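What follows is a short report on a single structure.
None of the values given here were measured: they were computed from a predicted structure.
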There are 2 protein chains.
Amino acid sequence: MNEINLTSAQVPTGCQNCAIRHQAVCSRCEPDELVRLEEIKYYRTVEAGQTVVWTGDRMEFVASVVTGIASLTQTMEDGRTQMVGLLLPGDFIGRPGRESAAYDVVATTNLVLCCFRRKPFENMILQTPHVAQRLLEMTLDELDAAREWMLVLGRKTAREKIASLLAIVARRNAALTLQGTEQELQFDLPLTREAMADYLGLTLETVSRQISALRRDEVIALEGKRHVIVPDYRRLLNEAGDDSDGGMVI
Amino acid sequence: MNEINLTSAQVPTGCQNCAIRHQAVCSRCEPDELVRLEEIKYYRTVEAGQTVVWTGDRMEFVASVVTGIASLTQTMEDGRTQMVGLLLPGDFIGRPGRESAAYDVVATTNLVLCCFRRKPFENMILQTPHVAQRLLEMTLDELDAAREWMLVLGRKTAREKIASLLAIVARRNAALTLQGTEQELQFDLPLTREAMADYLGLTLETVSRQISALRRDEVIALEGKRHVIVPDYRRLLNEAGDDSDGGMVI
DNA sequence: GTTCGCTCTTGATCTGGGTCAAAGTTTCCT
DNA sequence: AGGAAACTTTGACCCAGATCAAGAGCGAAC
């Protein structure tokens with residue numbers, strides 16, 4: 001994992017101020033907070049497939065994903081694994097106030113992380129309520145996403161699970177590229193079939209079969225194995241059993 | 001839902017100061033925070049089976065569970081439901097900063113809630129970093145619990161799911177009654193078979209079958225339908241596929 | 001180009017847990 | 001006490017998705 005320097009031009013979407021959530025400009029920061037965070041902020045790259053943190057690792061830093069995708073996974077003794085979170089740009093890695101990591105964090109694609117050394121970061125949030133407030137909001141969003149996902153895991157069929165995942169990635173992707181959700185959506189699926197299976201509580205064979213089925217039924221089209229075209233987002237939501245456009249944050 | 005008055009003698013286990021988490025004394029509060037919270041605090045009772053908040057409800061208050069058990073559930077259009085959280089004494093209901101509820105909150109047993117009117121509560125946490133800090137910690141704990149539960153939902157067998165649930169309730173119960181985990185544990189299971197099924201992503205028939213199987217194999221014993229005796233907590237953990245005593249907070 | 005890794009797809013078969021059905025308990029109401 | 005309603009258990013059967021197995025693409029290395 002390499003420490004790097006990015007010019008501000010290379011970090012175009014983030015709040016140049018607090019940088020906690022890169023994808024959105026944070027309207028909450030005070031000018032003096034900028035200075036504090038700039039001092040302890042640095043960038044790192046991680047290659048696809050590398051583990052950023054292992055369960056139980058002493059966490060030296062917390063970080064915000066700038067580009068790329070990472071996943072949080074839990075593993076049972078016998079090797080069964082379950083992905084418990086998908087970290088997209090703007091999402092936060094690490095838990096202030098906890099010394100060691102509770103999950104494996106694995107880079108799914110090449111990553112750029114905006115890191116903060118842990119101790120100074122914790123001191124900072126103790127002193128700057130607005131940042132702590134923002135962190136609380138983000139955590140609550142993650143909790144909502146996790147609970148949404150519990151419904152997917154516990155009650156949806158394999159086909160609905162796949163459709164739900166595609167909808168989430170499509171949505172997040174659309175949010176990033178500022179497209180609406182009405183027209184055709186396209187995106188690269190940054191996960192292997194196995195990673196999708198780990199996320200969805202399925203086997204990779206089932207994932208493959210269901211993706212083939214969705215393609216056969218023209219809910220989606222594929223270019224190569226990874227590039228997905230969604231001609232009708234509402235149809236996809238419907239397949240996900242998630243008619244109410246609303247919910248499903250991740 | 002009735003507003004009531006409790007004497008401090010009737011609220012024995014809570015932090016008399018901030019009361020955010022009733023089960024543990026909060027070491028973080030400043031004396032002046034006590035006053036602010038006392039002003040906006042009141043108690044309510046809810047009968048078993050009653051819904052405390054509906055999805056989308058305008059939330060008038062946030063609350064801490066004093067006694068009893070409540071559940072957070074999500075429902076799909078076709079009626080499939082998934083419980084996404086179990087609220088035991090000390091847990092928190094409601095999301096500061098959000099006007100409306102994201103889930104149904106249903107009283108599983110009779111409840112006593114320590115409520116705070118929402119707006120004053122939000123103002124208060126904006127001004128008192130320590131309370132916000134505590135709220136962040138609690139939210140992070142909940143997130144951990146939710147993610148732990150995702151592993152249960154996604155990867156465990158029916159028998160392991162049941163054992164996991166029993167282990168959680170046993171653990172929380174032991175924590176409350178200050179027993180160790182080495183000796184025999186006993187507790188009342190405060191959930192119907194159907195509620196357990198909703199939590200575990202199973203059907204009530206499967207829940208019943210697996211409980212019978214665990215009893216047949218002498219992992220647990222039952223007195224009546226609800227009172228559970230766990231002769232060997234480690235064995236139960238083992239059945240849950242969760243050998244490492246550590247994790248599994250809820 | 002060929003070969004070695006992968007990842008992905010598809011087929012055949014098996015099984016854990018769902019579904020449907022019926023009977024047994026407990027609780028609570030009159 | 002008697003009876004209804006709700007909860008629980010158990011049985012029989014079935015199916016969605018797991019498992020096992022065999023190829024098919026496809027990129028990287030030589």
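Closest to the side chain of A:Lys225, from the set D:dT10, C:dT10, D:dC26, is D:dC26. The side chain of A:Arg193 approaches C:dT9 more closely than any other nucleotide in the set C:dT9, D:dT8, C:dG17. The listed nucleotides are C:dC8, D:dG17, C:dG17; the one nearest the side chain of B:Thr157 is C:dG17.
Each end of the helix from C:dC6-D:dG25 to C:dT30-D:dA1 gets its own axis, taken as the rotation carrying the C1' atoms of four end pairs onto the next four within a five-pair window, and the two axes meet at 50° to the nearest 10 degrees.
The glycosidic torsion of C:dG5 lies within 90° of 0, which places this base in the syn conformation.
A:Gly201 comes within 4.0 angstrom of the backbone, heavy atoms only, and of no base. Residue contacts for A:Ile211: at a heavy-atom cut-off of 4.0 Å it reaches no nucleic acid atom on any strand shown. Counting any heavy atom pair closer than 4.0 Å across all strands shown, A:Arg226 reaches sugar-phosphate atoms only and no base atom. Within 4.0 Å (heavy atoms only), B:Thr192 reaches sugar-phosphate atoms of the nucleic acid but no base atom.
Annotation: the span from B:Gln210 atom CD to B:Lys161 atom NZ amounts to 10.5 Å, rounded to 0.5 Å. Put simply, CG on A:Leu165 and CG on A:Leu191 are 6.0 Å apart, with the number rounded to the nearest 0.5 Å.
Distances shorter than 4.0 Å separate some side-chain N or O of B:Ser212 from OP1 or OP2 on D:dT10. Residue B:Thr203 places no side-chain N or O under 4.0 Å from the OP1 or OP2 atom of C:dT19. B:Thr206 has a side-chain polar atom (N or O) that falls below the 4.0 Å cut-off from OP1 or OP2 of C:dG18.
Inspection of the A:Asp104 and A:Thr51 side chains reveals no N or O donor paired with an N or O acceptor under 3.5 Å.
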Under 3.5 Å, N/O pairs linking protein and nucleotides 21-23 of chain C:
none

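In this structure, A:Met59 and A:Ser100 have side chains that are not in contact, with every pair of non-hydrogen atoms separated by 4.5 Å or more. Residues A:Ile162 and A:Leu200 meet the side-chain proximity criterion, which asks for heavy atoms closer than 4.5 Å. The side-chain heavy atoms of B:Arg95 and A:Asp141, taken from C-beta on, include a pair separated by under 4.5 Å.
Rounded to whole angstrom, the span from the CD atom of A:Glu160 across to the C1' atom of D:dG17 amounts to 14 Å. Regarding A:Asp198, its CG atom lies at a distance of 16 Å from the C1' atom of C:dC8, rounded to whole Å. Atom C1' of nucleotide C:dC8 and atom CE of A:Met196 are separated by 12 Å, given to the nearest angstrom.
With hydrogens and angles left out, the side chain of B:Arg209 and the base of D:dG11 share a donor-acceptor pair within 3.5 Å.
Figure legend: B:Arg226 and B:Phe187 shown without cation-pi pairing, the cationic atom not lying both under 6.0 angstrom from the six-membered ring centre and within 45 degrees of its axis.
At distances below 3.5 Å, not a single donor-acceptor pair connects side-chain atoms of A:Thr73 with backbone N or O atoms of A:Gln82. Using modelled atom types, no side-chain atom of B:Asp188 and backbone atom of B:Pro190 make a donor-acceptor pair closer than 3.5 Å.
Place A:Val207 and A:Arg155 on DNA chain C by their nearest nucleotides, and A:Val207 ends up nearer the 5' end.
Under the 30°/60° scheme for interplanar angles, the aromatic rings of A:Trp149 and A:Tyr199 are found to lie parallel.
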